[in-house]
Amino acid sequence: MSPLFQGWLKLSESQRFLVVTAPVVLFLALFFLVPLGSILVVSFWRTESYQLITDWNLQNYIDVLTEPSYRTFMLRSVLTALIVSLSCVALAWPIAYFVIRHGGRYKLLLVVGLAVPFLTGIVLRVIALQGVLGPIGLLNMGLMHLGLPPFEALMYTKTATVVGLVYLYLPFVTTAIYLSLLNFNFRLLDAAKVFGAGNMRAFWEITWPLNWVGTVIGFALTFVPSLAASITPRFLGGADGTLFGMAMGSQFSATGTWSLGAAMGVVLFFVAGLTLFTISRLIDLKRSGFTGAGGRD
Amino acid sequence: MSKFTKTGAITRRSMLKGSGTLALAGAMSALPSPFIRNAEAATLEIRALMWEPYVLPAMIAEFEAEHGVKFTTTFFDGNSEAYNKLKLGGTRDFDLAQADGFWSRLYSREGLIRDIDLSKISSMDNVFPAFTAPEYELLTEETSGAAIGVPFCWGGYGITYNADEVSEEEVSSLGVLFDAEKAGHLSASARFEENIALAAILVTARMGTQGDPRPDGKPFNPYVLTDAELDGVQALLIEQKGLLMTRYQDLGTLNNLMRSGIVWAAPEFSQVFRQLQQLKREGKRVPNIQHRLQAEEGGLGWIDSWMVTSGVEDSEKLEVCHRYLDTILRPEHMKAIADKAGTSTCVDIRDLSTEEERELFLMDRTAELKGLHMFDQPSSPEKWERVWSNMEAA
């Protein structure tokens with residue numbers, strides 16, 4: 001037995017817990033809490049002609065919360081994130097269900113296949129999508145060849161942004177639902193049918209609630225990044241498609257108003273946090289059959 | 001059997017042998033270390049912070065071989081990004097930096113760059129007079145008048161237009177970019193400063209305030225505006241938003257939109273104009289694309305420059321930096337940059353260019369620079385940000 005292992009055995013349970021969690025805590029402190037803290041500090045300063053002035057004030061927050069433009073950006077972002085997340089859930093369910101029920105031995109391969117677009121960068125994927133949806137993209141060129149007018153709803157519009165975000169985040173939701181269905185006992189459906197439930201009733205009363213956790217996790221995995229989306233609306237959204245994340249990004253690059261950008265970041269963080277909290281309240285672990293919380297009841 | 005396949009247990013002999021080898025290697029690396037360090041120091045490294053399209057790998061390789069130095073590059077997209085890099089201690093990380101317009105003077109005021117000696121840069125003789133002091137003063141220190149950079153490329157922010165759809169008369173005014181009759185066939189860049197400044201030229205011309213006493217007491221500059229003028233700009237930009245097909249993020253997008261005939265007019269650096277002219281010369285099907293450098297109300301222009309950072313204190317390194325500036329400004333290298341980046345050069349390369357290139361790269365129109373307002377720092381980035389946000393949210 002090595003001395004290291006002997007030393008490990010001598011440690012109390014709480015000491016072992018400390019040893020195991022210390023690297024994680026250190027990592028989070030260094031790369032999450034410190035940057036977040038610095039953003040928080042800067043948000044209470046002000047910028048003047050590309051200079052950060054360490055003049056403590058609340059003006060940035062007053063601006064973000066009271067100026068109609070920033071409220072509009074936030075409203076647009078929340079609406080976009082909602083539409084994208086709900087669309088992703090609606091699309092991901094049949095895909096995940098099909099893979100589980102009919103994927104056979106290719107199940108894993110099919111799910112891994114969903115991740116293939118992730119082998120490229122997000123900018124490349126969005127630009128590729130622009131090549132499909134744009135005025136001279138594949139879709140519109142095809143329509144024009146058929147003598148039809150171009151599909152203007154997808155040319156630099158908010159709809160194009162939604163399509164782009166759904167394309168980007170659908171694999172996350174599908175994987176979350178797939179993993180949930182993987183542990184689902186489908187014999188429960190047979191039992192329900194024996195007692196006279198139709199396919200739809202069995203789905204809504206058994207499959208859906210028992211996979212609620214996976215669905216909600218997929219929803220959250222889409223909602224939060226969609227809320228902060230910057231690149232997709234920039235390339236696909238057109239002149240009228242500015243979202244909160246995009247406006248926030250430009251504070252740190254083009255306009256050089258860093259402290260306002262920092263305040264926008266903090267507000268975004270809280271909106272995302274509030275959303276996650278609300279979502280967590282929606283989950284009835286007991287009803288969903290989730291057993292990962294440590295107890296059975 | 002190969003000798004590399006021989007394996008076995010670790011013996012005391014092999015341990016001793018291994019330890020001895022390690023100890024010897026350690027001693028070898030420790031003992032002659034001063035000599036090794038000297039050898040490393042002999043390879044001087046010149047680190048440039050620059051725009052990617054201006055890199056000439058062949059020229060850099062030649063320069064490295066000629067001067068026995070290593071030249072490394074770091075790229076940036078916008079001036080503010082480069083400024084942030086230099087502000088956050090980057091003067092120790094970079095020896096040479098690029099910027100345009102007023103940024104050189106801002107760098108100088110903040111001690112991020114140092115004076116240079118133009119007498120050591122004989123290639124400056126090839127620079128058009130329009131880009132040197134006293135004609136162009138943004139590359140001199142404000143009080144001492146010392147040189148703080150060398151110019152190398154220039155351009156305007158004129159209107160590229162489809163001459164089959166937009167007449168020459170229409171494009172003589174900036175109003176064409178806000179013309180409701182061309183709704184859905186206009187585009188503008190995503191650059192907030194230049195959109196506001198260009199709109200400001202039109203707004204102030206319509207308001208008749210260009211000749212009025214200015215807030216800074218200086219002649220009219222579209223980057224220094226009164227609140228009333230900014231209100232006018234905001235209203236005009238909101239009006240324009242509904243007319244735009246999109247705000248292009250990159251030149252490739254504008255190229256596609258103009259080539260397909262969807263967009264008829266857009267302000268740009270004239271690179272798309274040149275790209276499409278080139279395609280036309282190659283026999284490709286392209287609309288009749290033309291470029292107007294300056295409208296009757298005025299126009300915007302820019303000059304890209306090279307500077308030496310204040311981190312360069314060592315005389316040997318400073319000397320190499322001067323030689324680099326001298327090398328890059330040679331006409332053959334500037335011609336290569338024009339060909340690669342599609343920009344006009346501040347160096348006279350007419351002897352190396354065809355008649356077509358002379359016209360395309362505005363080589364005989366450098367005097368027009370005087371009528372252009374140089375890219376500048378907004379008088380209040382905070383107020384400009386609000387104008388831009390209000391427009392985007394409207």
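In what follows, chains carry the letters A, B, and so on, assigned in the order in which the sequence lines appear, proteins first and then strands, with residues in each chain numbered from 1.
Heavy atoms closer than 4.5 Å to chain B are found in the backbone of F252(A), but not in its side chain. Proximity to chain B is absent for every atom of I127(A), based on heavy atoms less than 4.5 angstrom apart. Contacts between A188(B) and chain A at a heavy-atom distance below 4.5 Å are absent for every atom of the residue. Only the side chain of T253(B) comes within contact range of chain A, with heavy atoms under 4.5 Å apart. For M391(B), no part lies under 4.5 angstrom from a heavy atom of chain A. Neither the backbone nor the side chain of S250(A) comes within less than 4.5 Å of any heavy atom of chain B. The part of E110(B) that comes within reach of chain A is its side chain, from C-beta onward, which places non-hydrogen atoms under 4.5 angstrom from that chain. In this structure, the portions of T255(A) lying under 4.5 Å from any heavy atom of chain B include both its backbone and its side chain. For Y248(B), no part lies near chain A; criterion is any non-hydrogen pair under 4.5 Å. With a threshold of 4.5 angstrom between heavy atoms, T257(A) approaches chain B through side-chain atoms but not through N, CA, C or O.
Most heavy-atom pairs under 4.5 Å with chain A: of the set L106(B), L244(B), N79(B), I262(B), this distinction falls to I262(B). With chain B as the partner, the residue from M246(A), R71(A), Q130(A), R76(A) showing the most heavy-atom pairs under 4.5 Å is R76(A). Between chain A and the options L257(B), N256(B), T246(B), heavy-atom pairs under 4.5 Å are most frequent for T246(B). Between chain A and the residues Q377(B), R191(B), K87(B), E193(B), the most heavy-atom pairs under 4.5 angstrom are made by Q377(B).
Residue-environment remark: CD (E181(B)) stays at or below the threshold of 12 foreign heavy atoms within 6.0 Å. Counting non-hydrogen atoms of other residues, nucleotides and ligands closer than 6.0 Å to CG of L4(A) gives a total of 12 or fewer.
In terms of heavy-atom proximity, R386(B) sits nearest to Y70(A) at NE-OH, 3.1 Å. Closest non-hydrogen pair, S389(B) versus S69(A), comes out as O-CB, 3.6 Å. Contact between A239(A) and K241(B) at its shortest, heavy atoms only, is O-CD, 3.5 Å.
Y167(A) is linked by a side chain to side chain contact (heavy atoms under 4.5 Å, CB included) to P117(A), R125(A), L129(A), counting only residues two or more places apart in sequence or in another chain.
A salt bridge is absent between R46(A) and E382(B); no separation between the charged side-chain nitrogens and carboxylate oxygens falls under 4.0 Å.
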